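Below, read A as the first sequence line, B as the second, and so on, with proteins coming before strands; counting in each chain starts at 1. Just so it is clear, the values below take in all heavy atoms, side chains as well, and ignore hydrogens, waters and symmetry mates. In this text the structure is predicted, and so the values were computed from the model without any measurement.
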Amino acid sequence: MDITKSVVSVTDVDVKIGTVEILHKISANAGQGIFVGIIGPNGSGKSTLIHCMSRTLHPSTGKIRIMGKEIENYSRKNLAMMLGVVPQESMRTFDFSVDDIVMMGRYPYQKLLRPPESHDREACQKAMALTGISHLSGRSILTLSGGEWQRVLIARALAQETPLLLLDEPISQLDINHQIEILSVLQSLTRQGSTVICVIHDLNLASQYCDEIIMLDQGTVYATGTPHKVMTQENIRAVFGLDVMIKTHPTTGKLYLIPIYHRKPVKKGNQKVHLICGGGSGTEIMFALHAAKCDVSTGILSMNDADYSTSIQLGIPCIAEPPFSPITDVSRSLLEESISKADLVVFTSMPYEQENMDNVRIVSECCNKPILLVTDCVSRSIENCMAGDAASIVNHMISTGLATIVTSTEALDQCLGKEYPS
Amino acid sequence: MAQGDPVLFQRSFKNTTGDGNIRALHKTISVVSYRWVLLLFLSVIAIISAIVCTFVGPSNIFGIQFMETSKMSLILTQIRLPRVITSFIVGGGLAAAGAAMQGLFRNQLADPYVIGTSSGGALGAAISLVIFHSFLLPFAAFCGACSSTIIVYIICRQNGKVAVETLLLSGIAISLFCSAMLSFLMYKSGNDLHQIMFWLMGGMWNATWDKVRIGLLVIPAIVILLFTVRELDILSLGDDEASSLGVNTERVKILLLAVTSFITGIAVSLAGSIGFIGLIVPHMVRYVSGSSFRFLLPISALTGGIILMWADTLTRTFMNDMPVGIITAFFGAPFFIYLIRRRMWT
């Protein structure tokens with residue numbers, strides 16, 4: 001068999017249940033050794049697609065091929081030797097033992113009335129070891145927790161020893177260590193040549209483990225391809241209706257997503273705020289102000305600063321300079337302009353390094369707006385936060401009544417226009 | 001069924017490398033041999049019971065003079081032995097059918113009596129009796145049993161699942177309907193009234209060697225059930241899962257429905273509608289054999305046979321041959337209520 005040939009190919013599949021169209025013109029492929037993740041919001045047809053591929057639901061139109069052969073042409077047993085299915089939920093009516101359930105995965109290989117062979121038992125033991133449930137051997141399934149039961153079902157599918165695995169939210173009930181463990185097992189199976197198709201709700205785990213992602217939206221394929229291609233801010237906003245920040249994981253190089261939690265916008269007149277920050281100190285307040293739809297600008301920041309990338313991700317206007325370079329006149333005039341437009345200038349509790357020293361100096365020279373100096377130090381004393389030139393400038397600003405020292409909560413409330421008794 | 005356990009036995013012996021393995025080995029041996037011993041033990045009990053029950057009865061055969069050996073052998077071979085065998089077959093068949101239905105319906109409350117199979121069979125038998133003068137009576141009972149099971153199954157099936165409430169309710173509805181039809185037939189029948197009462201109450205007093213010959217058909221039917229134990233295990237997880245594990249669910253379900261209805265139909269044509277054997281026996285057995293059908297089914301069949309054999313001996317010896325269906329219902333209904341209550345608690 002041609003290795004590059006796709007293991008599963010879904011062509012123009014429509015599924016109608018009654019008059020409701022659940023899936024519309026779905027086409028997708030999965031090659032050998034690929035970990036495919038299916039993502040999408042609730043009701044987007046993920047489980048239906050899994051059901052179609054496991055032949056428990058018949059599409060109204062369209063074709064599904066496994067190893068190039070149409071799925072309808074397989075006998076039930078042969079299909080069970082090709083693909084293992086982990087269902088989303090499973091009934092536990094009778095008091096079977098864990099071993100009985102895992103052994104059911106060997107059903108397609110067993111002959112009528114013949115006892116399980118030694119390789120059947122080995123496959124079961126291996127599957128149970130991989131899913132970390134060897135210690136549950138002999139236990140009744142009625143005594144298992146939801147997560148343990150989910151792992152038993154995964155073990156049963158692994159015991160089927162199929163080149164293709166379909167999993168419908170296999171990790172939804174697992175705790176974090178078992179989520180990672182199961183996904184790693186699945187990933188290692190793909191490295192050995194199996195193909196895994198898995199519905200995953202956790203987008204971060206999906207981007208971490210999947211080679212390819214199929215993003216479903218309202219019964220259609222919205223996007224498909226590598227995580228980098230599919231998991232974009234725009235796609236996720238369009239499909240999930242959620243604003244996220246997408247970053248590269250510092251150690252794995254994979255994408256990770258941070259949802260932007262929208263606060264309820266404060267009705268009282270928001271102020272225009274210019275934020276002077278750096279070193280990550282401004283991230284939290286920037287985020288909160290952005291979420292409250294407050295008009296924020298920030299700068300001057302160095303382009304390698306953490307706050308710079310936050311402002312870019314959030315789409316906040318930012319005055320920036322290349323790293324390790326002095327502030328240019330252009331930036332300076334931009335900052336002056338920005339401050340003149342703002343109602344409020346906020347300094348976050350950043351380390352006052354050279355660059356920020358310039359910021360402090362420019363502000364002290366041109367600013368006639370109220371200045372908030374954010375510090376969460378208990379003593380609220382300037383000497384604890386800075387020394388030298390910066391301290392003297394800041395002290396001057398405080399003494400002229402232009403600047404006040406506030407905590408981060410107070411600063412946020414003032415930016416959002418809440419009156420705060422001093 | 002000899003599925004796998006001897007192999008497990010041997011393998012465990014090879015694996016005695018560590019402490020844990022030895023413990024596992026002991027556990028394996030004890031579980032496996034325990035079930036086989038139980039099966040063997042019940043077979044022996046069944047044979048002994050059959051002999052004892054044949055010699056126990058209202059007329060004391062040991063009191064009969066040697067002169068009357070022909071009378072004694074008549075009582076033993078023509079009256080009691082067919083009756084003992086019939087009760088064993090009926091009890092075993094109903095218990096096996098009940099166990100299989102519980103797997104098929106994925107529900108521990110399913111039983112030929114509760115879901116209306118028995119009353120359908122009784123109606124079929126009564127129709128044959130009243131309208132066709134007992135023509136093809138076992139076949140009519142079988143048809144009645146099959147059609148009522150299929151109707152109940154169609155009514156309560158939703159998305160491949162069978163909900164407890166709908167199962168019980170549709171079972172009751174079908175039973176009530178069949179009872180109404182039976183009452184109508186009784187009202188119309190006149191002379192056959194007593195005969196029809198027999199179908200309703202369930203008893204063994206019609207047992208003859210001819211009936212035993214029909215009853216023997218239950219044995220191959222139980223063997224067919226024993227061939228499907230693996231599928232029954234898997235089916236009890238749900239249709240979709242069973243299909244994805246390679247079970248041809250529709251075919252197996254139709255086979256199981258046909259075989260269980262066949263057994264029930266035969267049982268009804270031999271002994272009327274005897275309730276709750278199919279419900280209680282698999283339940284009791286499950287506590288000792290576990291839920292896996294490969295032991296549950298044969299052990300249930302043996303236990304059901306033994307229980308009905310003794311219940312019938314009890315009624316014909318001490319209760320003036322009261323219909324045995326009354327006894328089983330008398331004990332079965334409270335047990336059924338207990339099961340429903342326990343479901344509510346959990």
Mark yes when over 12 heavy atoms from residues, nucleotides or ligands other than [X] sit less than 6.0 Å from its [atom1]; otherwise mark no.
{"X": "A:Lys69", "atom1": "NZ", "answer": "yes"}
{"X": "B:Phe335", "atom1": "CZ", "answer": "yes"}
{"X": "A:Gln218", "atom1": "CD", "answer": "no"}

Side chain, backbone, both or neither: which part of [X] has a non-hydrogen atom closer than 4.5 Å to chain B?
{"X": "A:Arg92", "value": "neither"}
{"X": "A:Pro108", "value": "both"}
{"X": "A:Ile101", "value": "side chain"}
{"X": "A:Asp95", "value": "both"}
{"X": "A:Leu57", "value": "neither"}

Table please: side-chain donor-acceptor pairs of residues 7-17 of chain A below 3.5 Å, with sequence neighbours left out.
residue : atom : partner : partner atom : Å
A:Asp12 : OD1  : A:Ser27 : OG           : 3.4
A:Asp14 : OD1  : A:Lys25 : N            : 2.6

Write down the atom of [X], the atom of [Y], and the distance for their closest heavy-atom approach.
{"X": "B:Ser291", "Y": "A:Phe96", "value": "O-CE2, 3.7 Å"}
{"X": "A:Leu153", "Y": "B:Glu241", "value": "CD2-OE2, 3.9 Å"}
{"X": "B:Ser292", "Y": "A:Asp100", "value": "CB-OD2, 4.0 Å"}
{"X": "B:Ser244", "Y": "A:Val85", "value": "CB-CG2, 3.6 Å"}

Using 30° and 60° as the class limits, which term best fits the ring planes of B:Phe293 and A:Phe94: parallel, tilted or perpendicular?
->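 The arrangement is perpendicular - the two ring planes meet at more than 60°.
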Using atom types as modelled, flag every donor-acceptor pair under 3.5 Å from a side chain in residues 298-307 of chain B to any protein atom, sequence neighbours excluded.
residue  : atom : partner  : partner atom : Å
B:Ser300 : OG   : B:Leu296 : O            : 2.7
B:Thr303 : OG1  : B:Ile299 : O            : 2.5

* To do: Please round to the nearest 0.5 Å and tell me the distance separating atom CE of A:Met103 and atom CD1 of B:Ile234.
  =>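 Separation between the atoms: 11.0 Å.
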Quiz item: Most heavy-atom pairs under 4.5 angstrom with chain B, which of A:Met81, A:Arg156, A:His51, A:Arg55?
Solution: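 Answer, by heavy-atom pair count under 4.5 Å with chain B: A:Arg156.
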message: Under a 4.5 Å cutoff for heavy-atom pairs, which residue among A:Lys77, A:Met104, A:Gln160 has the most contacts with chain B?
response: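 Most pairs with chain B among the choices: A:Met104.
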inquiry  = If we define contacts as heavy-atom pairs under 4.5 Å, which of B:Asn248, B:Leu245, B:Asp240, B:Asp233 has the most with chain A?
reply    =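 Highest number of heavy-atom pairs under 4.5 Å: B:Leu245.
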If you apply the rule side chain to side chain contact (heavy atoms under 4.5 Å, CB included), what do you find for A:Arg76 with B:Val252, and how did you get there? CA-CA 12 Å; A:Arg76 269 278 161 222; B:Val252 172; over 6 Å; no
